[in-house]
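In this chain, numbering begins with 1 at the start of the sequence shown. As the structure lists them, so they are numbered: ligands from 1, and atoms in each ligand from 1.
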Amino acid sequence: MTPNDREQKVKSLIDKLCLTRDLKRSEWTELIRERTPASAEYLFERARAVRIRCYGHDIYIRGLIEFTNYCRNDCYYCGIRRSNSNAVRYRLTKEDILACCEEGYRLGFRTFVLQGGEDGWFTDERLCDIVSEIRAHFPDCAITLSVGERSYDSYKKLYDAGADRYLLRHETYDAEHYGRLHPASLSASHRQKCLRDLKKIGYQVGTGFMVGSPYQTPENLADDMLFLSRLNPQMVGIGPFIPHHETPFAHMPAGTAELTLFMLGLIRLLLPRVLLPATTALGTIAEDGREKGILAGANVVMPNLSPAQVREKYLLYDNKLCTGDEAAESLNSLKTRMEKIGYHIAVSRGDSLNI
Ligand code: SAH
């Protein structure tokens with residue numbers, strides 16, 4: 001095939017995706033492997049049109065509260081892994097967390113995302129107590145949890161305490177690839193079981209994966225897309241892998257903004273009504289990553305609401321942004337940046353149309 005033939009083929013696969021939302025594994029692989037700058041532009045135009053049809057020019061915001069960086073797990077890519085003895089550990093109190101929500105509410109946030117490592121200190125009892133207090137104080141807000149793998153019972157208790165949504169990236173669908181990113185105590189199948197449990201309980205679920213994680217192939221990404229299609233989550237978070245200097249992957253190359261943007265566009269076409277954040281990792285790897293993410297089909301941003309003194313301790317990867325437009329206090333400058341590209345930030349819970 002000539003380069004021109006290849007480009008035509010990629011464009012025809014994008015058309016097919018747009019029309020049918022159903023590609024075979026080999027088609028996903030080809031689409032990802034053979035992409036070009038021109039086919040990416042073609043994709044982004046279509047992804048934007050779909051996004052605008054579903055969500056207009058609204059951008060939903062979520063206030064991210066990183067409430068503990070203690071973690072029992074040892075994921076090879078993550079800066080807060082258990083084996084990183086140089087990480088300075090912290091845990092916020094219930095009062096700290098409520099103060100973050102208070103400040104967030106004042107700024108216009110109507111969704112709070114409580115994210116943390118898998119910290120045994122936060123038993124069901126303690127976490128439920130925090131969730132129910134937030135629920136009582138902020139009845140018009142959505143509460144999202146992102147605290148990793150727990151039992152069905154634990155997820156159910158948290159849901160009954162008032163949590164509405166749960167973010168748990170599947171990281172990579174393929175069991176063998178998963179095994180190269182995690183120690184043997186963790187498995188792709190258990191992670192996927194957690195996602196099914198969360199859905200069964202009634203949570204609005206977010207999943208996702210890293211782009212350009214070590215050893216990732218176009219076939220792995222194809223499997224991720226097929227998994228997303230089957231799970232049909234309300235939200236999909238993806239961002240480039242970025243190395244952290246105190247992990248086994250310190251010297252692995254980072255993922256690119258280019259492939260991350262392409263995957264964002266594909267996800268928008270596959271799941272038109274999905275909530276799709278332009279993530280912090282994308283903003284870290286490219287100066288205008290957030291804007292480009294929105295222009296590739298994303299419709300959510302998640303500024304950091306954690307107390308300033310703990311922000312740099314939640315270091316999942318090197319140079320992770322936590323100031324400037326990343327910080328919830330700078331909402332005005334984020335607003336201006338988004339308005340420059342024709343989009344505006346909505347003060348609302350920002351529920352998915354896909355419920
Ligand atoms: N303990 C929670 C939260 C994990 S941190 C959980 O298990 O879900 C949130 C996400 O950050 C992870 O799911 C992972 O996809 C991403 N992440 C971690 N380390 C990263 C790195 N080095 N580069 C890019 N993203 C990373």
Whether [Y] and [X] form a salt bridge (side-chain N of Lys/Arg under 4.0 Å from carboxylate O of Asp/Glu) is what I want to check.
X    : Y    : result
D119 : R91  : yes
E258 : R35  : yes
K156 : D160 : yes

Decide whether an N or O pair under 3.5 Å exists between [X] and ligand 1.
X    : answer
I242 : yes
Y77  : yes
R169 : yes
E171 : yes

Identify the protein heavy atom lying closest to [atom], giving its residue, its atom name and the separation to 0.1 Å.
atom                    : answer
atom 25 (N) of ligand 1 : M210 SD, 3.5 Å
atom 9 (C) of ligand 1  : Q115 NE2, 3.7 Å
atom 24 (C) of ligand 1 : P240 O, 3.3 Å
atom 11 (O) of ligand 1 : L316 CD1, 3.5 Å

With heavy-atom distances below 4.0 Å as the criterion, list the atoms of ligand 1 near C78.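 Selected atoms, number and element: 19 (N).
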Going by the order shown, which atoms of ligand 1 are within less than 4.0 Å of some heavy atom of R191?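 Taking each heavy atom of R191 in turn, ligand 1 has 6 (C), 7 (O), 8 (O) under 4.0 Å.
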How about T144 and D164: do any of their side-chain heavy atoms sit closer than 4.5 Å?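 No - every pair of side-chain heavy atoms lies 4.5 Å or more apart.
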Looking at non-hydrogen atoms alone, which of G148, P214, G116 comes nearest to atom 3 (C) of ligand 1?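 Comparing heavy atoms across G148, P214, G116, the nearest one to atom 3 (C) of ligand 1 lies in G116.
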Heavy-atom pair of closest approach, residues L282 and P240: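 Looking at all heavy atoms of both residues, the shortest contact is N-CD, 3.7 Å.
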Looking at H137 versus Y105, is the centre-to-centre ring distance below 6.0 Å?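 For H137 and Y105, the ring centres are not under 6.0 Å apart.
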With a 3.5 Å cut-off and no angle check, do the side chains of Q115 and S146 form a donor-acceptor pair?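 S146 and Q115 do have a side-chain donor-acceptor pair below 3.5 Å.
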Hey, what's the ring geometry for Y76 with F249, parallel, tilted or perpendicular (30° and 60° as the breaks)?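 Correct class here is perpendicular.
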